[in-house]
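Comments concern the structure below.
Predicted model, so just to flag it, every value in this text is computed and none were measured. Naming: A, B, ... by sequence-line order, numbering from 1 per chain.
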Protein chains: 2
Amino acid sequence: MFHSASHDKMSTHIIRQVREAILKGQLLPGQSLPPEKDLITQFGVSKHTLREALRSLEAMGFIEIKRGAGGGPVVSEVDMETTRDSIANFLHFQNVSVRDLSEIRKIMEPYLARLAAERFSAQEIEKLEEIDRKCRKIFEKKKSVVGAKEEIDFHIFLAQASRNPVMVMVLDFVNSMLTDLKTNIKPDMEFSQHVLDSHQKIFEAIKAGDGDKAQECMLAHICDVERELEALRERDEKQAKIKQAV
Amino acid sequence: MFHSASHDKMSTHIIRQVREAILKGQLLPGQSLPPEKDLITQFGVSKHTLREALRSLEAMGFIEIKRGAGGGPVVSEVDMETTRDSIANFLHFQNVSVRDLSEIRKIMEPYLARLAAERFSAQEIEKLEEIDRKCRKIFEKKKSVVGAKEEIDFHIFLAQASRNPVMVMVLDFVNSMLTDLKTNIKPDMEFSQHVLDSHQKIFEAIKAGDGDKAQECMLAHICDVERELEALRERDEKQAKIKQAV
DNA sequence: TACGATTTGTCCGTATGTATA
DNA sequence: ATATACATACGGACAAATCGT
């Protein structure tokens, strides 16, 4: 049996059409779509149906909708946050451990540290140093770098050494998920001090253009973080058991 | 300044509440949400508003909505397809090349082939052989394995050697994006034959428990595919130029 | 500051299609 | 086969936000 197109939900038709127009480049990011009332007539559906379709497209990150005069639906590039959230939602059901995230880091980040040491321009080295300086300032004020955007930025910026957007994306969500775990575990000052020291060593190897050493220091750093987080997690579990017993 | 809750859109409140309930485990996959009319009264919104929220949650993969008696919104695990699509949408705007995808494969897949050789049980080896057999059957019928689900399955199944869901996910979308590129390029029979030969070598190394060799063969396989795809792409570009000139 | 124009956000009422029992 | 429960779809009205004058 064949299903006639009209058997599907109307909104899925609209979603598919707009989505394909964007992916084919017929609609470019920044361009405005016609306002609701025009789209209603163009697609021949009711306001209710059209708005459902726009909501879905918005959830997928394809459009943003602004209210008021001159507003309306605007095509936008699907951004990293939308994608990161989607990945995080998926992995939430997959029982991801610190070990899983660290395993990926151990494979990829030492490679990237080496590339950075071999490829970074003077400008890029300066930018990396600035990120590191910001980390230190945050530590001095808050006595922690955990959850600090700059602490992740250090790693993401290295990923950009690869000039590979897929690599950047993977490192982005791996590091951001790890940070989420960290903020639950609430590491101590010592942990943050170790992180800053490790970053320092990695930075110096990169600045010296020493690929071998950068690779080696990065691997050691990731292993350290994994070990310390595991230890802290076990400590928390024990405390939880004691509390439960009381 | 604090924003009063009433400043945001009603649907975002509903989305946030349901989303958090699911992520906290208060709502488990498989559970039904109350039907529309009950949710309307619970949240104190209109049909239209509620449905927009449900559409967004559906687009994010958190719920599925079934029609008819006994239907309604059902909580579901966010699945790989939803996530894969989201990633593909994001990377569409990032100019991803065969080289970018291959770079990730070169880092991860040889590592995974080694793990498979070291860890796979007899059952798993048998399963892998069956996947390979299916690939060959498809090749004999269609004279190609490009775009065949089984050809990706070979790589994904190896990723499962890591018992690492993040690894499986990364390999899933990298391989599926590469396959999308392949189907556009339309490789010849020779290409498919090379793929099958490489898979054979990798399989034999894994079966023999030879981690070194499995790692080495996998790296060679990925480099081969990258090189051949690049060559085919250049060929297509030249043909396009000739056509344009005429 | 204020007002009008534009455009989305929200609500109500009603009718129709679809799956289950 | 009929009834029931549920989502899907349409139209009209008013509120709220934003922009320009």
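- The distance between atom CE of Met10(B) and atom P of dT10(C), rounded to the nearest whole Å, is 7 Å.
- Under the 3.5 Å distance criterion, with hydrogens and angles disregarded, a donor-acceptor pair is assigned to the side chains of Thr82(A) and Asp79(A).
- OP1 or OP2 of dC10(D) has at least one side-chain nitrogen or oxygen of Thr49(A) nearer than 4.0 Å.
- Remark: the Asp100(A) side chain and the Ser97(A) side chain contain an N/O donor-acceptor pair separated by less than 3.5 Å.
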For residues 14-36 of chain B, dump all side-chain donor-acceptor pairs below 3.5 Å to protein atoms at least two apart in sequence or in another chain.
| residue | atom | partner | partner atom | Å |
| --- | --- | --- | --- | --- |
| Arg19(B) | NH1 | Asn89(A) | OD1 | 3.1 |
| Gln31(B) | OE1 | Leu28(B) | N | 2.7 |
| Glu36(B) | OE2 | Arg51(B) | NH1 | 2.6 |

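- The distance from atom NE2 of His13(B) to atom P of dG9(C) is 14 Å, rounded to the nearest whole Å.
- If you check dT18(D) for Watson-Crick or wobble pairing at under 3.5 angstrom, you find it paired to dA5(C).
- For the OP1/OP2 pair of dA7(D) and a distance below 4.0 Å, the side-chain nitrogens and oxygens of Arg51(B) include no atom meeting the criterion.
- The listed nucleotides are dG9(C), dA7(D), dC11(C); the one nearest the side chain of Arg67(A) is dG9(C).
- Ring centroids of Phe157(A) and Phe120(A) are separated by less than 6.0 Å, placing the two rings close together.
- Side-chain polar atoms of Thr49(A) and Ser46(A) form a donor-acceptor pair below 3.5 angstrom.
- Judged by distance alone with a 3.5 Å cut-off, a donor-acceptor contact links the side chain of Lys47(A) to the base of dT10(C).
- A donor-acceptor contact closer than 3.5 angstrom links the side chains of Arg105(B) and Asn175(B).
- Distance, Leu50(B) CG to dC12(C) P: 13 Å, rounded to whole Å.
- Atom CD1 in Ile65(B) sits about 17 Å away from atom P in dT18(C), given to the nearest Å.
- Look at NE2 on His48(A): it is 8 Å from C1' on dT8(D), rounded to the nearest Å.
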Between the protein and nucleotides 4-6 of chain C, are there any N/O to N/O pairs under 3.5 Å, and if so, what are the atom names and distances?
| residue | atom | partner | partner atom | Å |
| --- | --- | --- | --- | --- |
| dT6(C) | O2 | Ala69(A) | N | 3.0 |

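- Each of Ser11(A) and Lys37(B) was matched to the nucleotide of DNA chain D holding its nearest heavy atom; the match closer to the 5' end belongs to Lys37(B).
- Electrostatic pairing of Glu140(B) and Arg136(B) does not count as a salt bridge here, judged by no charged N lying under 4.0 Å from a carboxylate O.
- Candidate nucleotides dT8(C), dG9(C), dC10(D) were compared by shortest atom distance to the side chain of Val45(A), and dC10(D) ranks first.
- With rounding to whole Å, Ile40(B) atom CD1 is found 12 Å from dG13(C) atom P.
- In this structure, CD of Glu52(A) is placed 16 Å from P of dT8(C), rounded to the nearest angstrom.
- Among the atoms of the strands shown, none is found under 4.0 Å from any heavy atom of Pro34(A).
- Position along DNA chain D of the nearest nucleotide to Ser46(A) versus Gly71(A) favours Ser46(A) as the more 5'-ward residue.
- For the pair Glu58(A) CD and dT8(C) P, the interatomic distance rounds to 12 Å; values are reported in whole Å.
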